[in-house]
Protein chains: 2
Amino acid sequence: MTRRMDPLTAEVLDLIGTVVARYHQEYDAAAAVHHLTGAQARVLALLATDPLPMRKIAERLKCEPSNVTGIVDRLEAQGLAERRNNPADRRVKLAAATDRGRATAEQLRDSLEFAREPLAALSEGERGVLRDLLARMVR
Amino acid sequence: MTRRMDPLTAEVLDLIGTVVARYHQEYDAAAAVHHLTGAQARVLALLATDPLPMRKIAERLKCEPSNVTGIVDRLEAQGLAERRNNPADRRVKLAAATDRGRATAEQLRDSLEFAREPLAALSEGERGVLRDLLARMVR
DNA sequence: TATTGTTATACTCTATAACTATA
DNA sequence: TATAGTTATAGAGTATAACAATA
């Protein structure tokens, strides 16, 4: 059922594994500065753009809705998010970032060292090439 | 203390975020086929190459040594790994993959859909460019 | 009846601290 | 004393199943 892959693809895959590991380290460290876990920071980043029903957050995170309850609870406990009722459908609760939550999300995004150190090693032209290749991979 | 980043860098960072998310989905799904969690699969992949002291595994995973105990316990319970004594230093325990463990690790690696579908969208020349850019990012 | 969010439960991963057996 | 591994503990994320409120 499995298939061998060519050496170049294996090499790229290995590098992506390294990038993935590095990305998580940096992301979690940046989140920890604000006393947030990675999952909490990810949800806060989602809410910073727009309020979202709990169910939609679960879809974005690709996890079960029951898990979102706890994550939003912890954001709420830190005053970074709040739950709002939806008059149009009273079953729905909208999670929304507070002003402090939005400010934290912005700081978090701007402080991602990952964006600077590793990417700074590339010229602007090379970053453009990288963008195009990644975009086609992810498409 | 934070600094704005240029739009191109932000775009690349976003793409990397997408790649990271996709990578984890695929990796965890591939691991689940073998009744393994992501962490267990990662340790098994390490052991497939060479036996390692518990302490070294923790360093590679960048986690505390106490966590490795449980992960290796679960691999051992499935007959995929075993602990061996080190005669040279009897404090050390070497975790080693069993034959079944090595076979599982190989299947796991070859079954990584991530390597095929997204990377297949690129030509061999493009994969080479991607490898070089990622290698320079990662150093 | 179906859907939204929550609660209850159990498992894994994580860090911290204390313990053991070696060195 | 110091080091390797374990145990104990607590917090967080995860899936599953059952539940209340609402549609």
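Predicted model only: the values in this text are computed from it and were never measured. Residue numbers begin at 1 in each chain, while the letters A, B, ... track the order of the sequences.
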(message) Both A/Gly38 and B/Asp73 contact DNA chain D. Taking the nearest nucleotide for each, which residue is further toward the 5' end?
(response)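 Looking at DNA chain D, the more 5' nearest nucleotide goes with B/Asp73.
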(message) If you assign A/Pro65 and A/Arg74 each to the DNA chain D nucleotide with the nearest heavy atom, which residue ends up on the more 5' nucleotide?
(response) A/Arg74
(message) For a quick check, tell me whether the side chain of A/Arg91 and the base of C/dT3 share a donor-acceptor pair closer than 3.5 Å.
(response)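 For A/Arg91, whose side chain was compared with the base of C/dT3, there is a donor-acceptor pair (under 3.5 Å).
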(request) Please state whether the base of D/dT14 and the side chain of A/Ser66 form at least one donor-acceptor pair under 3.5 Å? (result)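 Checked by distance alone, the answer is no.
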For [X] and [N], what is the distance between atoms [atom1] and [atom2] respectively, to the nearest whole Å?
| X | N | atom1 | atom2 | result |
| --- | --- | --- | --- | --- |
| B/Asn67 | D/dT9 | CG | P | 16 Å |
| B/Met54 | C/dA21 | CE | P | 17 Å |
| B/Lys93 | C/dT20 | NZ | P | 14 Å |
| B/Ile57 | D/dT6 | CD1 | C1' | 14 Å |
| B/Leu94 | D/dT6 | CG | P | 11 Å |
| B/Lys62 | C/dA15 | NZ | C1' | 17 Å |
| B/Arg83 | D/dA4 | CZ | C1' | 12 Å |
| B/Asp89 | D/dA2 | CG | C1' | 12 Å |

Salt bridge between [X] and [Y], side-chain N to carboxylate O under 4.0 Å?
| X | Y | result |
| --- | --- | --- |
| A/Arg136 | B/Glu126 | yes |
| B/Arg83 | B/Asp73 | yes |
| B/Arg109 | B/Glu106 | no |
| A/Arg74 | A/Glu76 | no |

Where the side chain of [X] is defined as all heavy atoms beyond and including C-beta, which of [options] is the nearest nucleotide?
| X | options | value |
| --- | --- | --- |
| A/Cys63 | D/dT14, C/dT6, C/dC13 | D/dT14 |
| A/Val92 | C/dT4, C/dA23, C/dC13 | C/dT4 |
| B/Thr69 | C/dG5, D/dG5, D/dT6 | D/dT6 |

(request) Would you tell me if any nitrogen or oxygen in the side chain of A/Arg55 comes within less than 4.0 Å of OP1 or OP2 on C/dG5? (result)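 So the side chain of A/Arg55 is within the cut-off, an N or O lying under 4.0 Å from OP1 or OP2 of C/dG5.
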(request) Look at the side-chain N and O atoms of A/Arg90 and state whether any lies under 4.0 Å from the OP1 or OP2 oxygen of C/dG5. (result)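 Negative; the distance criterion is not met.
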(message) Please classify the nucleic acid contact of B/Arg42 as base, sugar-phosphate, or nothing, using heavy-atom distances under 4.0 Å.
(response) nothing
(request) Using side-chain contact (heavy atoms from CB on, under 4.5 Å) as the criterion, point out the one residue from A/Leu75, A/Val43, A/Asp28 that pairs with A/Leu36. (result) A/Leu75
